[in-house]
Amino acid sequence: MAKVNDNFLKLPGSYLFSTVAKKISAYQETNPDKEVIKISIGDVTRPLAKAVVSAMERAVNEMGTSEGFRGYGPEQGYDFLRNAIVKNDYNKRGIDIAPDEIFVSDGAKSDCGNIGDIFSVDNLVAVCDPVYPVYIDTNAMSGRAGDFINGRWSNLVYMPCTEENGFLPQLPNEKVDIIYLCFPNNPTGVCATYTELKKWVEYARENKAVILYDSAYEAFITDKDVPHSIYEIEGTKEVAIEFRSFSKTAGFTGTRCAYTVVPHELRLDGVELNGLWNRRQCTKFNGVPYVIQRGAQAVYSDEGIRECRENIEYYLNNASIIRKGLQSAGLSVYGGTNAPYIWAKTPDNMGSWEFFDFVLSEAGVGITPGVGFGPSGEGFVRLTAFSTKENTEEAIKRIQKILK
Ligand SMILES: *Cc1c(COP(=O)(O)O)cnc(C)c1O
């Protein structure tokens, strides 16, 4: 008799965003005259850069000619894109990465999840709390997380990110094998400095651990002391895999293109992880569409860089509106300067959901309860900078009014 992977049966329902959506539409139905503003969604809204659109149009037309037609491309991505990534995202910052260390994919979400394929199920995994749920759920699906007991997985090491530690994970007391880090962070919007990241690289080198570094929000970094890549820290190539995405950088959430860096120096027991990931991708993945990769390449053109930058600035301005607005209403707020997320402490020790309900029913604004990202998120909410400027301003005005 066939059997299911019963690790899936251990997963708790993922109720966060569906509950948020249900509560918002229920409120909208009972208050048809009041327009709900959502600053809860982690998805971009600005249109694609014109340089990207033109590059994709040209590529589509090429595909319609017999000379320009292309079938299966390289599983790892076309050279034109791998070279552009190396030059712009690494060489320009003084980092030496080879094109064959870049693996182009359809998303950082898939890569962060799929990377588990190349690691033994016996590895002890550490995750931040609160966290982007993909890291936890994919480990649970492959049996690496143990059992879900009282809101926690028995085999995972949780690193609480709290107001006391500035929302920065502390080095685990026990020896862990795999560490997921995400900076600029989703959901807290907090960043790690060189000094902070150096601690992790040293820990990983000492303990022969591997850091899985998600830097999907790299484009939002504005502070000088915040590294754009973990490879800016010396000795990192032996211990870290980096995930990047065009989703938040260039509005590709619906277009789909990302990449993962696996340096040749990264070896476990003499085995190069680059070779394993290459084998995994060649077996299970047939590459990102040519048209999309041409669009991604155009992100690095002069016009593409300028247009994408304008969009990032637009979101960062919204982030600043949220930050300042909530601060002036008396809330403690974090993030929002190098990230599109603002992590705000609820007033009067309200619970995350309690404050969510209050803001929805009294202000008609949809936000996200922090506890949905992990137990340490209780007492916080996440607000996002991805709405329009007008809606962001209106939402903050409404929240300020109910906090008076
Ligand atoms: C949005 C996001 C990504 C990007 O995922 P894609 O699959 O490339 O769209 C990766 N990591 C985090 C933490 C994110 O929030």
Side-chain angles (χ1 to χ4, degrees), residues 12 14-21 23-24 38-44 108-109 112-113 126-138 151-152 156 158-169 179-192 196 212-221 226 243 245 247-248 253 315-316 318-320 322-323 326 331-346 350-356 359-360 365-387 392 395 399:
S14 150
Y15 298 120
L16 178 61
F17 288 101
S18 61
T19 309
V20 165
K23 286 193 173 214
I24 291 176
K38 287 180 231 169
I39 47 172
S40 48
I41 297 169
D43 192 2
V44 296
K109 186 188 202 176
C112 287
V127 290
C128 292
D129 166 29
V131 73
Y132 181 56
V134 175
Y135 317 142
I136 292 188
D137 289 2
T138 54
R152 281 164 196 270
L156 293 183
Y158 288 84
M159 304 181 289
C161 298
T162 61
E163 206 171 16
E164 291 70 42
N165 60 31
F167 304 97
L168 292 168
I179 303 147
Y180 287 85
L181 294 178
C182 172
F183 295 114
N185 190 264
N186 177 10
T188 66
V190 166
C191 280
E196 197 59 39
L212 301 177
Y213 193 74
D214 183 346
S215 103
Y217 296 95
E218 173 274 333
F220 290 84
I221 296 173
V226 174
F243 304 95
S245 174
S247 283
K248 316 298 170 18
T253 52
Y315 296 133
L316 281 173
N318 286 345
S320 160
I322 298 173
R323 233 188 108 85
L326 295 184
L331 296 190
S332 302
V333 298
Y334 303 91
T337 51
N338 296 286
Y341 297 116
I342 290 90
W343 191 243
K345 192 174 181 177
T346 63
M350 277 170 111
S352 291
W353 279 109
E354 195 190 344
F355 188 60
F356 166 89
V359 170
L360 178 61
V365 175
I367 55 179
T368 311
V371 70
F373 299 98
S376 297
E378 183 55 285
F380 289 85
V381 290
R382 190 192 75 172
L383 299 94
T384 76
F386 289 126
S387 188
T392 305
I399 296 177

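With values rounded to the nearest 0.5 angstrom, D129 atom CG is found 7.0 Å from C161 atom SG.
Within the 4.5 Å cutoff, the side chain of V20 has heavy atoms near those of the P369 side chain. Residues N185 and P187 have side chains in contact (heavy-atom distance under 4.5 Å, counting atoms from C-beta outward). In this structure, the side chains of L326 and L383 come closer than 4.5 Å at one or more pairs of heavy atoms.
Qualifying side chain to side chain donor-acceptor pair (under 3.5 Å) partners for Y217, counting only residues two or more places apart in sequence or in other chains: K248, Y341. Under the side-chain contact (heavy atoms from CB on, under 4.5 Å) criterion, K38 pairs with I24, S40, I41, sequence neighbours left out. Qualifying side-chain contact (heavy atoms from CB on, under 4.5 Å) partners for A339, counting only residues two or more places apart in sequence or in other chains: P184. With sequence neighbours left out, the side chain to side chain donor-acceptor pair (under 3.5 Å) criterion links S352 to E378. Every residue was checked against the ring-ring contact (aromatic ring centres under 6.0 Å, His included) condition with F183, not counting sequence neighbours, and none meets it. Evaluation of the side chain to side chain donor-acceptor pair (under 3.5 Å) rule for T392 yields no partner, not counting sequence neighbours. Partners of V131 by side-chain contact (heavy atoms from CB on, under 4.5 Å), not counting sequence neighbours, listed by chain and number: V127, Y135, I136. Partners of Y334 according to the ring-ring contact (aromatic ring centres under 6.0 Å, His included) rule, which considers only residues two or more places apart in sequence or in another chain, are F167. Evaluation of the side-chain contact (heavy atoms from CB on, under 4.5 Å) rule for T346 yields M350, F355, V381 as partners, not counting sequence neighbours. Remark: Y213 engages no residue in a side chain to side chain donor-acceptor pair (under 3.5 Å) (not counting sequence neighbours). Applying the ring-ring contact (aromatic ring centres under 6.0 Å, His included) criterion to F220, with sequence neighbours excluded, gives no partner residue. With sequence neighbours left out, the salt bridge (Lys or Arg N to Asp or Glu O under 4.0 Å) criterion links K345 to E163.
In terms of modelled atom types and a separation under 3.5 Å, the side chain of N318 and the main chain of A385 share a donor-acceptor contact.
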Open item on the list: What verdict does the side chain to side chain contact (heavy atoms under 4.5 Å, CB included) test give for Y132 and C182, after you've listed the backbone C-alpha separation in whole Å, the side-chain angles of each residue and the deciding distance to 0.1 Å?
Closed with: CA-CA 8 Å; Y132 181 56; C182 172; 5.6 Å; no
Open item on the list: What verdict does the side chain to side chain contact (heavy atoms under 4.5 Å, CB included) test give for W343 and V190, after you've listed the backbone C-alpha separation in whole Å, the side-chain angles of each residue and the deciding distance to 0.1 Å?
Closed with: CA-CA 9 Å; W343 191 243; V190 166; over 6 Å; no
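The aromatic rings of Y315 and F386 sit perpendicular to each other, their planes meeting at more than 60°, with 30° as the lower class boundary.
With a 6.0 Å cutoff to the six-membered ring centre and a 45° limit on the axis angle, R382 does not count as a cation-pi contact of F373.
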